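Note sheet for the following structure.
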Amino acid sequence: MPETKGLFNLRRSLSRRGNGIMTAPMASPAATLQRLFPGSDPFRYGRRRTRVVRAGKLAIGGDEPIRLQSMTTTATSDVEAAVAQALRLVEAGCELVRVTAPTVEDARALGRIKAGLLRRGVDVPLAADIHFSPQAALEAAEFVEKVRINPGNFADSKRSASRGGGEAEYARELARIEEAFTPLVEKLKRLGRALRIGANHGSLSDRILNRYGDTPAGMVESALEYARICEKLGYRELVFSMKASNPKVTVAAYRLLSSRMSEAGMDYPFHLGVTEAGGGVDGRIKSAIGIGALLEDGLGDTIRVSLTEDPEFELPVCRALARRFGPAAPPPPAPVEAPAPFCADLFSYARRESASVRVGPFRIGERHPVRAFAAVDAGVGAEEIEALLRGGELEPEVLELEVAAPADRTRLKDLRAALGAHSSRLAFLARFRDPALLSEGLPLCDLAAFCAPDEEAWAGFVRAAKTAGKPVLASGRDAGHCAAREAVCRREGVPALAQLCASAEGRSPLQEYRLLCARLAAAGSKAPLHLRAPAQEDAELRVLEASLLVGGLLCDGLGDSAGIVSGLRPAESLRLLYDVLQGAGARVVKAELVSCPSCGRTLFDIQSASARIGARVRHLKGVKIAVMGCIVNGPGEMADADFGYVGGAPGKINLYVGKDCVQKGVPSAEADDALIALIRKNGRWSEPPARE
């Protein structure tokens with residue numbers, strides 16, 4: 001059985017404020033909605049209004065398209081390799097290329113990289129990625145159109161020894177930062193360069209951590225400290241980012257930044273990303289959850305998908321996520337007045353309060369795990385389901401069958417009989433299309449749905465379900481229709497789950513589900529919410545759309561069960577569903593790998609290392625392992641990781657337990673085995689299950 005331990009403990013972490021000091025009070029929910037959603041409407045798309053910031057010829061923000069970015073992974077000093085990779089990125093659709101500059105010499109190499117691109121007829125803007133070195137930033141500003149700094153380490157190269165301090169000490173620290181930062185701001189202003197202030201959850205300074213903890217509030221304040229200095233100096237060519245490896249933290253931080261900027265009268269563009277997302281399907285899922293949910297909010301002017309893969313593979317994912325937003329977005333529907341809040345808290349995770357409904361051996365709703373539904377098409381037999389149950393890794397919990405003809409009813413009966421030995425581990429949903437099949441079909445299922453042509457037929461179905469003692473899946477073509485059908489169930493005293501089949505013209509499924517939750521709340525309903533990702537023919541689009549809808553809603557605290565309509569075999573559908581649930585922090589079914597996308601700072605081949613380690617630890621449910629190329633974000637992004645594998649020097653790996661480095665300088669050839677030994681030593685190892 002998949003482990004049902006959830007990761008829904010983020011609310012405490014997100015609401016933690018260190019020593020409790022805040023620079024501004026939190027506003028009312030109504031005022032918060034006005035700042036977060038254009039027109040204070042979270043139920044239709046409207047892009048946040050920003051100023052236009054120029055990185056060379058590239059305009060960011062305002063009414064400009066959402067810009068696509070990536071980053072080179074070659075050593076910056078290897079100019080020819082960097083130029084060749086930048087050319088591949090531009091060919092793939094990259095509009096701004098970021099290059100790391102860890103030293104002054106690397107910063108000077110940016111000039112040669114720029115010249116090499118121009119010789120080849122490519123005038124793509126470059127951004128210098130700076131950590132720890134104000135001098136490298138000053139040098140890089142000579143050659144690039146944009147500089148990115150990390151406020152967590154730009155002027156905090158050494159961790160402070162103090163673990164507290166009052167307002168006077170804090171003011172002295174800010175004065176020291178202003179002194180170190182001002183020369184760069186003045187140079188950028190003089191040369192007409194842009195600046196990204198990019199706060200990372202994994203690299204907040206001790207000064208911020210002591211006051212706010214490692215929270216979204218700390219990330220936001222870290223960036224705003226630098227923004228205030230820029231505005232004091234009359235410089236406003238700014239872009240901001242709030243990146244974390246946890247999509248929930250990412251979403252909360254950007255929302256809070258939008259709110260705080262609105263309070264301060266700031267209108268700077270946002271660059272979106274989920275850092276250290278990893279590779280393959282998992283990396284795409286985390287990125288789609290975090291970036292996609294924020295784009296739905298109307299936030300975001302540039303995006304980068306951070307995959308542990310060659311960077312040109314990031315651009316198709318960026319393009320797919322951005323395709324529905326920006327100037328080409330379809331016109332939104334008419335605004336709707338929010339009947340009630342659609343979630344409890346926009347800045348910290350809180351699961352929507354729902355009733356508990358018994359469905360076969362499971363309960364759905366309340367604080368029970370988000371349940372996994374799997375469609376069983378006509379070609380799927382009992383043997384295939386039994387194989388999944390024997391595997392124990394991707395178990396279905398609710399099997400979903402269409403019952404449109406007497407033969408389908410017979411198939412449901414035969415399948416239940418064939419799987420009788422597993423009845424304590426399965427529930428059956430029957431989707432009826434013919435009312436004549438209800439009398440004999442309802443006793444065979446644990447949850448019933450009906451494609452009713454009108455409201456009279458729906459009311460008759462609900463009464464039949466009540467007589468049979470079966471809960472109902474109340475589905476509707478939009479939020480109002482679904483809420484009305486759920487209301488019939490409440491009047492008849494029939495437990496129901498609510499699910500959308502479609503959305504209003506111009507409204508996305510995620511926004512329609514939000515509206516449904518608001519309508520249910522206004523009616524006093526606590527019906528559990530079933531999320532159903534629509535069918536997609538394209539494999540990558542299927543992953544992204546399922547992640548955006550299911551994962552994005554789960555980040556809002558919405559959703560009690562989920563399924564994917566895809567035409568896939570049950571094993572494939574369940575693998576994607578469980579991966580999305582894990583990416584959103586709802587279910588844990590395997591080890592989680594946090595890995596960076598590599599850059600010129602990386603001290604080992606991170607792609608091959610991530611693949612090797614992932615293959616050896618994937619079966620360790622609930623164990624989180626960070627594979628990081630260097631120490632810039634490594635120790636910080638391991639804030640909630642159990643173990644870390646971090647480049648410490650060329651050919652050397654440092655191993656961590658939590659945030660503590662326990663082994664330094666392990667030769668790369670020995671590091672994989674040393675990591676496994678460390679996991680064993682800490683009692684978190686188990687042998688992989690035997691496979692048939």
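Numbers for residues simply follow the sequence, beginning at 1. As the structure is a prediction and not an experimental result, all values here were calculated from the model.
Atom CD of Glu91 is surrounded by 12 or fewer heavy atoms from other residues, nucleotides or ligands within 6.0 Å.
The main-chain N or O of Leu68 is found under 3.5 Å from a side-chain atom of Glu95 such that the two form a donor-acceptor pair. The backbone N or O of Phe270 sits less than 3.5 Å from a side-chain atom of Asp301, completing a donor-acceptor pair. A donor-acceptor contact shorter than 3.5 Å is absent between the side chain of Tyr656 and the backbone of Val646. Listed for the Ser287 side chain is a donor-acceptor partner under 3.5 Å among the backbone atoms of Gly283. A distance-only check finds no donor-acceptor pair linking the side chain of Arg48 to the backbone of Ser258 [under 3.5 Å]. Checking side-chain atoms of Arg514 against main-chain N and O of Pro42 turns up a donor-acceptor pair under 3.5 Å. Using modelled atom types, one side-chain atom of Arg148 and one backbone atom of Gly198 make a donor-acceptor pair closer than 3.5 Å. Looking only at distances, a side-chain donor or acceptor of Lys248 sits under 3.5 Å from a matching main-chain atom of Ala584. A distance-only check finds no donor-acceptor pair linking the side chain of Thr275 to the backbone of Lys243 [under 3.5 Å]. When atom types are taken as modelled, the side chain of His131 and the backbone of Ile149 share no donor-acceptor pair closer than 3.5 angstrom.
Counting all heavy atoms, side chain and backbone alike, Ile113 lies closest to Ala82 at CD1-CB, 3.6 Å. In terms of heavy-atom proximity, Met266 sits nearest to Ala227 at CE-CB, 4.1 Å. Contact record, Met219 with Asn200: CE-C, 4.4 Å, taken as the closest heavy-atom pair. The two residues Leu544 and Arg284 make their nearest non-hydrogen contact at CD2-O, 3.9 Å. When all heavy atoms are compared, the tightest approach of Ala217 to Leu256 is CA-CD2, 3.6 Å. Closest non-hydrogen pair, Gly552 versus Ile289, comes out as N-CG2, 4.2 Å.
Of the charged side-chain nitrogens involved, none lies within less than 4.0 Å of a carboxylate oxygen, so that Arg176 and Glu179 do not count as a salt-bridged pair. Taking the charged nitrogens against the carboxylate oxygens, Asp297 and Arg255 do have a contact shorter than 4.0 Å, which makes a salt bridge. Of the charged side-chain nitrogens involved, at least one lies within less than 4.0 Å of a carboxylate oxygen, so that Glu225 and Arg207 count as a salt-bridged pair. One finds no salt bridge joining Glu237 and Arg54 here, because no Lys/Arg side-chain nitrogen approaches an Asp/Glu carboxylate oxygen to under 4.0 Å. The pair Glu221-Arg228 meets the salt-bridge criterion, since a charged nitrogen lies less than 4.0 angstrom from a carboxylate oxygen. Under a 4.0 Å N-O distance rule, the pair Glu296/Arg47 does not qualify as a salt bridge. With respect to the salt-bridge test (charged N to carboxylate O, under 4.0 angstrom), the residues Arg98 and Glu314 do not qualify. Ionic pairing of Glu178 and Lys232 is present here: one or more N-O contacts between side-chain nitrogen and carboxylate oxygen are shorter than 4.0 angstrom.
Annotation: ring pair (Phe, Tyr, Trp, His ring centres under 6.0 Å) contacts of Phe181 (sequence neighbours excluded): Phe154, Tyr226.
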Does Gln607 form a side chain to side chain donor-acceptor pair (under 3.5 Å) with Asp310? I'd like the steps, not just the answer. CA-CA 9 Å; Gln607 289 189 38; Asp310 291 341; 3.0 Å; yes
Decide side-chain contact (heavy atoms from CB on, under 4.5 Å) for Ser508 and Arg324; before the verdict, give the C-alpha distance in whole Å, the side-chain angles of both, and the deciding distance to 0.1 Å. CA-CA 10 Å; Ser508 75; Arg324 290 193 292 105; 4.0 Å; yes
Could you walk me through whether Thr73 and Gln85 pass side chain to side chain donor-acceptor pair (under 3.5 Å), step by step? CA-CA 8 Å; Thr73 61; Gln85 191 171 69; 3.0 Å; yes
Test side-chain contact (heavy atoms from CB on, under 4.5 Å) on Ser133 and Thr103 and set out the steps. CA-CA 7 Å; Ser133 178; Thr103 67; over 6 Å; no
With side chain to side chain donor-acceptor pair (under 3.5 Å) as the criterion, how do His271 and Thr302 come out once you've worked through the C-alpha distance, each side chain's angles and the decisive distance to 0.1 Å? CA-CA 5 Å; His271 168 68; Thr302 81; 2.5 Å; yes
Side chain to side chain donor-acceptor pair (under 3.5 Å) between Asn150 and Ser203, intermediate numbers included: CA-CA 8 Å; Asn150 182 342; Ser203 54; 2.7 Å; yes
side-chain contact (heavy atoms from CB on, under 4.5 Å) evaluation trace for Leu117 with Leu126: CA-CA 10 Å; Leu117 289 167; Leu126 297 184; 3.9 Å; yes
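At least one side-chain heavy atom of Lys114 sits less than 4.5 Å from a side-chain heavy atom of Leu118. For the pair Arg120 and Leu87, the minimum side-chain heavy-atom distance is below 4.5 Å. For the pair Ile229/Leu233, a side-chain contact is recorded, criterion being any heavy-atom separation below 4.5 Å from C-beta on.
Tyr268 does not carry Arg236 over the face of its six-membered ring by the limits of under 6.0 Å from the centre and within 45° of the normal. Relative to the six-membered ring of Tyr170, Arg211 meets both conditions, a distance below 6.0 Å and an angle of at most 45° to the axis.
The salt bridge (Lys or Arg N to Asp or Glu O under 4.0 Å) pairs that include a residue from residues 184-201 are Glu142-Lys187, where partners are two or more places apart or lie in different chains.
Once rounded to the nearest 0.5 Å, the distance linking NZ of Lys146 with CG of Leu238 reads 10.5 Å.
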